Each structure stands twice: as C-alpha cells, then as structure tokens.
Chemist: 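Structure provided below as structure tokens; questions to follow.
This is a predicted model, so every value here is computed, not measured. Values reported hereafter were calculated over all heavy atoms of this structure, with side chains retained and with hydrogens, waters and symmetry mates removed. Residue numbers count from 1 along this sequence. Start at 1 and go down the list; that is how both ligands and their atoms are numbered.
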Amino acid sequence: MNTVAVVGIQWGDEGKGKIVDLLAADADVVVRFQGGNNAAHTLVVDGEKFILRLIPAGALHDGKVCVIGNGTVIDPLALVQEIDNLQRRGRLRDDSLLRLSYDAHMVMPYHRAIDQAREAKLGGHAIGTTGFGIGPAYEDKMARVGLRFDDLVNFASFTEKLERNIREKNLYLRVLLKSRPIDAREIAEQMRKLRRRLLRFLCDTPAFLSQAIADGKRVLFEGAHGVMLDIDHGTYPYVTSSNCGASAVFGGAGIASRDLGGVLGIGKAYTTRVGGGPFPTEIKSRLAESLRTEGDEFGSATGRPRRIGWFDAVLARHAIRLNGMWGLALTKLDVLTGIDPLRICTAYEIRGKRYQEIPPERHLLERVKPVYEELPGWTENIVTARALDQLPANARHYLERVSALCNVRLAMVGVGAARDATIVLQNPFES
Ligand code: IMP
C-alpha cells in the first residue's frame, strides 16, 4: 500500500504519534486531515521529547513533506509557535516542507472564549473539552461564517469579516454566557503580524496530494483523536466536533476514495479517556492510579489525568468495522506488566440482555455491565522485545485474544515509549 491512514480505535491518546512517527520513516508525505490542537502527540526521539499538536509527525524526520489539510481547524498563533519551536530544535528546517490548505479554518480567540465559557456554564454536565475552541470553530465552518487561511490573502476583507463575527460573538459572550467580550482591534493586529509568516505555507493541498499519489509517493494520513470521539459514531455528545475516522480523509484532505490503500487502527492495550461521558470498562479501584502512573496517562494537550479502563473489544470491533481496518497496532503492552489477572471486555450486558456490539441506543452505554474474560499476566520486562517470540507466553496469549476478539490482524505491538520500542509484524507500506 502506498497510502495509509492511521486511525485511533478508542477515545484518542492510543499512542498514534509513536506509530505515525515510525511509519513516517517510510513515507514521503504525512497529512493531518481533521481536528486541531485538541490533539497532541508526545514523541521521544533519541531521548528528546517532542509534543506535536498541529504539525504532522513527519516533521521529526528529515525531508518529509507535512501537509495540514482543509478538514482541520487551526489556531494560527499556536501553529506559528509550533513551527518556530520545531525549527529552533533543528526540525522542519525548510519552510517548503510544510503545506497548509487555503481552506483550513482558523480557530480565533472568540472560539476559545465561547468554548471555555460554555463549559463553565454547564458545570456537572460539561463535556470536558480541551477548551481550545474546537467545537465553536467547526460550528462557524458549518454556519459558513468561519475564517479560512484563504481569507488572509486579502487582509482588508479578512478584517471586515473578523469584525462582523466579533460583533455577533461579543453579544453572545456578554449576554448569554456572561463572559468578557473580545477586542476586535487586538486580534486584527495580531493577525496582521502573523499573516506574512503564514502565507508562505499556503498550498492547493488536494492538488499537491493527488500529484504526489500519481507519482507513486508514499502518503501517510495521520488521524487525530479516536473513533469513539467521532461526531457521528462516538459517544455523542461527549465527542469532539469532527469525524475522526478514515472517511474523513476524503473530505478533510481532498483525495479520491480509490486513492486510500488501507487503514491501520491504533489501540492501546487497555483503554483511557479524558473528559466526561460513558466508559463501560472504567476501573474504579487503586489499579487505575498505578496504571495512570505507569502509563503516564495525563493528557498531552491539557495535562488532565486520564480515566483508565480495561481493553474493550466491543468498542474496538465497532471502530474496526466502521473503518474497514486492514490491521491493528496495539500500543503500551509494557504498561500491563505485573498485573494479574488481566481483563478484556468481550461483550456488554445491559438490563440482563447481552450485546456483542455497541447498542444502537447509545444512552444505554451508561448502564453497561461489562462481560470480562480473565487472562493470566506476566512479570518479565518486555521493553526490549523486538519479536513476538521474545515476549512471555502470557503476553503473546493476550495479543492473540485481542486479535481474535476484534477479528483483525495484529500489525504492530508497542512495548515502550522510545521510537524503536515496537514489534513490527507487518508494515502497511510493505503489504
Ligand atoms: P474538544 O475536542 O476540545 O471539543 O473536546 C471534546 C472531547 O474530546 C473532550 O472529552 C476531550 O477531552 C476529547 N478530546 C479531544 N481531543 C482529544 C485527543 O486528542 N485525545 C483525547 N481526548 C480528546
């Protein structure tokens, strides 16, 4: 396959960054196609830690082209800061290595203000958003009042649209959300300063990608978040405001469906989520605390502690079916070392009825009694394993059960945080 999409099968934070970084070595182009800086990848390269929020992980390999597609919502200040930070550290040396779609939408300070004020108002019913303005920015896109990078080309017309938006948003902020209004002149001035820096990255990204694919280049599409946070297929309303599955590649990067070779799902060997919403396999005992510490389960974007649960094969099957996944990369297997017994959720029981799939009445997710299969654990350190036969028999058995219960081929297994701490069974670019 020359074109591969990487998609999270849980609630994000599956460790996609590490797998994308690993696959980026074999790719020519790496593309973000949805979401914004609500996503974050933490990557450890040669002992150096990088957090990428907007720029695809290809930036950590020399000479790879990074594309930010039209389906994303981008905070321009955060983007410039991320570019500057990477360039200071010797990455993304040449500006031509970053291509930004004219049609990507901008996240403006009023989006952040609305997101945060709404969440504060919701109190106990809050979604638990990152507070980075993602939902309000997508709302404006759909309402056709959003500002795109294309608008920066003609700054006079940009300022006019910005002022019109801010007049309306300030009314909403002041009257309904009882929050502080935004100063239009301050934002216009900030954008005037950023504009020149941003314009040089603008590109007709769908045309660029279509040419790259026609030339036989390898293209990696880097999904953000996970299928359970998908606006249509996740645990609505406790989701993000974009489609997070492979179908978003076509709209969000502007490529034809025939041009996507396959989809690699990424799942963690257990489950986590940040923010509110149902979580059938959540662990409420002290074990959650030790897994959180061992797995460093704190949000990369916000630092919030993540909720922890057992691997949920019902969720995984849902994501794998929806995305027609070619294979699965299971990450952070090493974090389960020392836990005995281990559990995998194989089905749900709701009011005495057994479900093999997520119930169509999603509100029932709040009432799930998970059906668990117990498996024996292992105590050996597995961080240096680079082949399946270097794993303890119980770890291999755990992997076999995940693969069988999810009905998907296991393509990779993560055994540690470092770039090379991965067992590669099958590389999608080589299949
Ligand atoms: P928003 O995307 O900031 O609107 O947040 C909506 C929900 O998605 C919240 O529960 C967030 O914690 C969650 N979320 C958004 N992006 C990520 C991610 O990359 N990883 C994990 N959770 C995320």
Side-chain angles (χ1 to χ4, degrees), residues 6-20 32-43 51-57 71-75 78 82 105 107-122 124-142 222-245 248 252 265-268 270-279 282 292 295-309 315 319 331-332 362 365:
V6 164
V7 169
I9 66 163
Q10 294 155 334
W11 280 285
D13 306 321
E14 296 92 350
K16 288 182 294 297
K18 197 186 105 165
I19 302 295
V20 169
R32 269 290 297 272
F33 53 92
Q34 44 77 227
N37 58 347
N38 47 347
H41 294 324
T42 306
L43 297 156
I51 297 185
L52 296 176
R53 294 188 163 88
L54 295 166
I55 297 175
T72 58
V73 288
I74 304 293
D75 180 329
E82 197 166 316
H105 276 249
V107 180
M108 290 278 114
Y110 47 86
H111 294 131
R112 279 199 304 277
I114 291 171
D115 191 2
Q116 290 165 15
R118 268 191 200 151
E119 284 283 281
K121 204 168 173 226
L122 281 168
H125 298 288
I127 291 168
T129 71
T130 56
F132 294 155
I134 305 300
Y138 275 117
E139 280 169 41
D140 278 3
K141 171 177 177 171
M142 293 308 173
E222 174 185 325
H225 329 302
V227 173
M228 297 316 296
L229 287 172
D230 184 285
I231 186 81
D232 284 299
H233 302 292
T235 45
Y236 192 91
Y238 298 98
V239 292
T240 190
S241 294
S242 61
N243 285 118
C244 312
I266 315 289
K268 201 147 38 184
Y270 47 101
T271 311
T272 61
R273 88 172 291 180
V274 264
F279 187 172
E282 184 162 16
R292 185 176 301 119
D296 196 17
E297 296 296 354
F298 297 88
S300 311
T302 58
R304 291 179 292 177
R306 295 176 183 147
R307 298 158 66 192
I308 313 282
L315 287 190
T331 62
K332 294 186 130 178
R362 294 282 195 267
L365 276 177

Chemist: Students should be able to answer this: which protein heavy-atom is nearest to atom 3 (O) of ligand 1, and at what distance?
Modeler: T130 OG1, 2.6 Å

Chemist: Just let me know how F132 lines up against ligand 1, side chain, backbone, both or neither, with a heavy-atom cut-off below 4.0 Å.
Modeler: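 Looking at F132 and ligand 1, no heavy atom falls under 4.0 Å.
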
Chemist: So among D75, I74, V73, which one has a side-chain contact (heavy atoms from CB on, under 4.5 Å) with N37?
Modeler: D75

Chemist: Provide the number and element of each atom of ligand 1 under 4.0 Å from a heavy atom of A39.
Modeler: 19 (O)

Chemist: Closer than 4.0 angstrom: is that true for some heavy atom of G128 and an atom of ligand 1?
Modeler: yes

Chemist: Indicate whether any N or O donor in one side chain lies under 3.5 Å from an N or O acceptor in the other, for E139 and H111.
Modeler: no

Chemist: Do W11 and Y238 have ring centres separated by under 6.0 Å?
Modeler: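 No, they do not, as the ring centres are separated by 6.0 Å or more.
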
Chemist: Please report which non-hydrogen protein atom sits nearest to atom 14 (N) of ligand 1, along with the residue it belongs to and the distance in Å to one decimal place.
Modeler: L229 CD1, 3.7 Å

Chemist: What is the closest protein heavy atom to atom 10 (O) of ligand 1, and at what distance does it sit?
Modeler: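 Answer, as residue, atom name and distance: V274 O, 3.1 Å.
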
Chemist: Atom 5 (O) of ligand 1: which protein heavy atom is closest, and how many Å away?
Modeler: T129 CA, 3.3 Å

Chemist: Does V239 reach ligand 1, in the sense of a heavy atom lying below 4.0 Å from it?
Modeler: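 True for this residue.
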
Chemist: Any side-chain to backbone donor/acceptor pair from R112 onto I114? Under 3.5 Å, distance only.
Modeler: no

Chemist: Could you identify the single nearest non-hydrogen protein atom to atom 18 (C) of ligand 1 and state the distance to 0.1 Å?
Modeler: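 Residue, atom and distance for the closest contact: H225 ND1, 3.5 Å.
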
Chemist: Any sub-3.5 Å donor-acceptor pair from R118's side-chain atoms to P136's backbone N or O?
Modeler: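 No, the answer is negative, given that no donor and acceptor are paired below the 3.5 Å cut-off.
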
Chemist: Please report which non-hydrogen protein atom sits nearest to atom 12 (O) of ligand 1, along with the residue it belongs to and the distance in Å to one decimal place.
Modeler: R304 NH2, 2.9 Å

Chemist: Counting each atom of ligand 1 from 1 as listed, which ones have a heavy atom of G275 under 4.0 Å away?
Modeler: 10 (O)

Chemist: Between D115 and T129, is any side-chain donor less than 3.5 angstrom from a side-chain acceptor?
Modeler: yes

Chemist: Select the closest option to atom 2 (O) of ligand 1 among T272, T240, D13, judged by heavy-atom distance.
Modeler: T240

Chemist: Judged by non-hydrogen atoms, does Y238 sit under 4.0 Å from ligand 1?
Modeler: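 Contact check Y238 vs ligand 1: negative.
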
Chemist: Using a strict threshold of under 4.0 Å (side-chain N to carboxylate O), is an ion pair present between D13 and K268?
Modeler: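 No, this pair does not count.
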
Chemist: With distance as the sole test, does E82 use its side chain to make a donor-acceptor pair with the main-chain N or O of L54 at under 3.5 Å?
Modeler: yes

Chemist: Work out whether the distance between some heavy atom of R306 and some atom of ligand 1 is less than 4.0 Å.
Modeler: no

Chemist: Taking atom types as modelled, is there a side-chain donor on Y270 or E297 under 3.5 Å from an acceptor on the other?
Modeler: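 A donor-acceptor contact under 3.5 Å links the two side chains.
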
